[in-house]
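Here is the structure we will look at, set down as structure tokens.
The residues of the chain are indexed from 1 along the displayed sequence.
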Amino acid sequence: MTQREFDLVLYGATGFAGGLTAQYLADVAGDARIALAGRSADKLQAARAALGGAASDWPLLIADAGNSSSLADLAARTRVVVTTVGPYTRYGLPLVAACAAAGTDYADLTGETMFIRDSIDRYHEQAAGNGARIVHSCGFDSVPSDLTVFALYRRAADDGAGELVDTDLVLRSFAGGVSGGTAASMLEVMRTSSTDPAARAAMLDPYTLSPDRAREPELGAQPDVRWRRGGEIAPELAGTWTGAFAMAATNTRIVRRSNALLDYAYGRRFTYAEQMSCGHSPVAPVAAALLTATNAAALGLGGRYFDKIPDGLLERVLPKPGTGPSERTRERGHYRVETYTTTTSGRRYVATMAQQGDPGYKATAVLLGECGLALALDRDRLSNLLGVLTPAAAMGDALLTRLPAAGVVLETTALNSH
């Protein structure tokens with residue numbers, strides 16, 4: 001890439017998630033050349049002033065998703081664009097287009113599967129041809145999923161233990177709030193599914209995001225909604241119960257795309273699922289069943305009949321875009337995931353990833369900020385892949401170093417010796 005004016009531009013810096021990401025970058029980015037971008041000069045100035053001394057000289061750029069020339073100018077001036085402006089189905093593709101055309105790397109927070117599919121179909125080849133990495137899902141969705149599996153792959157390869165086979169993520173603990181941006185994205189996913197039968201059918205395919213569907217192995221049903229005893233996943237979870245995890249439908253497809261982009265380095269028999277632990281109390285199986293039923297209803301009925309709900313009804317009761325949980329909630333939040341795998345040699349491993357801070361906001365600001373900095377500053381440690389990528393496929397090795405240095409627990413453990 002030719003020399004650019006900025007290492008990184010944060011687009012959406014005046015929003016809730018954008019403001020948290022800006023603060024994180026101000027705290028850790030050091031001498032990196034950073035600019036803030038958004039629609040309003042006044043709001044950008046206020047946002048910059050709130051960040052403190054490290055960001056006081058950061059330039060401000062005016063850009064609007066409805067103005068393609070402003071997005072083209074933004075993309076042309078920087079190595080990397082990090083965007084928090086969603087719902088991405090509604091606002092995201094013009095910026096992807098600008099970055100693909102300019103050969104500029106890009107990272108976002110989307111959990112909207114069909115937006116990612118559209119990005120692949122429209123811009124993968126152009127981005128690859130121009131030397132750009134378009135990296136979706138760089139927050140709590142889907143870095144813990146993608147990176148724990150990548151870490152397991154690296155550990156198994158280092159140990160000569162063979163390829164990954166049965167692999168399951170379990171969300172063991174979680175505390176945090178929901179913001180208007182997350183709510184808006186969830187509504188957008190259901191709106192797309194209910195109004196587009198082709199999109200609804202695609203969402204049922206475990207390989208929705210595959211770069212080449214015909215090359216994918218046929219491994220039977222890989223459902224996103226599961227009610228299981230923990231012991232069925234790993235002996236270490238005996239006595240616990242697990243239910244459906246709300247973001248499994250997005251995260252699993254990101255992980256499977258990573259495997260395909262990496263030329264099936266995880267394995268041709270690699271299967272992947274996600275669950276949420278409900279503990280081991282006497283009510284745990286009931287709680288797991290209710291959780292699974294609720295998710296099944298949201299995916300099935302919501303995806304088919306969402307367009308029958310009167311316009312604006314849910315928007316009136318859900319948090320508004322640009323809002324989010326309180327500082328107290330953000331500070332007290334946390335998550336811990338454990339991803340278990342068995343390899344073709346019979347070796348078993350678990351990868352653990354954990355952070356303090358609200359998963360969707362404080363923790364996500366760290367993940368997105370570090371993804372942006374990896375793209376901008378760790379270019380010798382990025383993969384040689386280009387186009388529309390996943391976090392693991394684009395920068396897995398860089399993140400395995402960066403995230404622990406940023407206070408994220410990320411470790412792998414062997415569970416047997418044969």
For [X] versus [Y], what's the shortest heavy-atom pair and its separation?
X: Tyr349; Y: Ala161; answer: OH-CB, 3.5 Å
X: Arg4; Y: Thr78; answer: NH1-O, 2.8 Å
X: Ala100; Y: Ile134; answer: N-CD1, 4.3 Å

Could you state the interatomic distance from [atom1] ([X]) to [atom2] ([Y]), rounded to the nearest 0.5 Å?
X: Thr21; Y: Leu368; atom1: OG1; atom2: CG; result: 4.5 Å
X: Glu274; Y: Asn251; atom1: CD; atom2: CG; result: 4.0 Å
X: Asp64; Y: Leu74; atom1: CG; atom2: CG; result: 11.5 Å

State which residue, out of [options], fulfils the side chain to side chain contact (heavy atoms under 4.5 Å, CB included) condition with [X].
X: Val9; options: Thr83, Leu61, Ile34; value: Leu61
X: Met276; options: Thr292, Leu169, Leu291, Val337; value: Leu291
X: Ser137; options: Ile116, Asp146, Leu109, Thr390; value: Ile116

Closer than 4.0 angstrom, basic N to acidic O: yes or no for Lys362 and Glu331?
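Yes, charged N to carboxylate O under 4.0 Å.
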Angle class for the Phe270/Tyr272 ring planes (parallel below 30°, perpendicular above 60°, tilted otherwise)?
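Rings of Phe270 and Tyr272: parallel, under 30°.
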Parallel under 30°, tilted from 30 to 60°, perpendicular over 60°: which one fits the rings of Phe140 and Phe174?
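Tilted: the ring planes of Phe140 and Phe174 meet at 30° to 60°.
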[X] versus [Y]: any side-chain heavy-atom pair under 4.5 Å?
X: Ile233; Y: Thr242; result: yes
X: Thr339; Y: Thr167; result: yes
X: Arg347; Y: Asp159; result: yes
X: Arg269; Y: Pro217; result: no
X: Leu377; Y: Arg402; result: yes
X: Glu236; Y: Leu415; result: yes
X: Leu8; Y: Leu25; result: yes

Side-chain donor-acceptor pair under 3.5 Å between [X] and [Y], yes or no?
X: Tyr207; Y: Gln222; result: yes
X: Thr110; Y: Asp108; result: no
X: Glu163; Y: Tyr264; result: no
X: Thr401; Y: Arg381; result: yes
X: Thr352; Y: Glu338; result: no

Would the His136 and Phe115 ring centres measure less than 6.0 Å apart?
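Close enough - the centres of the two rings lie under 6.0 Å apart.
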Donor-acceptor under 3.5 Å ([X] side chain, [Y] main chain):
X: Arg155; Y: Thr412; value: yes
X: Asp27; Y: Ala22; value: no
X: Thr240; Y: Gly279; value: no
X: Thr104; Y: Arg79; value: no
X: Arg330; Y: Pro325; value: yes
X: Asp358; Y: Gly360; value: yes
X: Arg253; Y: Ala249; value: yes
X: Thr250; Y: Met247; value: no

Before you tell me yes or no, could you show the steps for Glu216 and Arg268 under salt bridge (charged side-chain N to carboxylate O under 4.0 Å, His left out), namely the whole-Å CA-CA distance, both residues' side-chain angles and the distance that decides it to 0.1 Å?
CA-CA 8 Å; Glu216 296 292 354; Arg268 294 288 297 178; 5.5 Å; no
Within 6.0 angstrom of Arg332 CZ, more than 12 heavy atoms from elsewhere:
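It does not: Arg332 CZ has 12 such atoms or fewer within range.
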Look at atom CZ of Arg39 and say whether more than 12 heavy atoms of other residues, nucleotides or ligands are closer to it than 6.0 Å.
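At most 12 heavy atoms, drawn from other residues, nucleotides or ligands, come within 6.0 Å of this atom.
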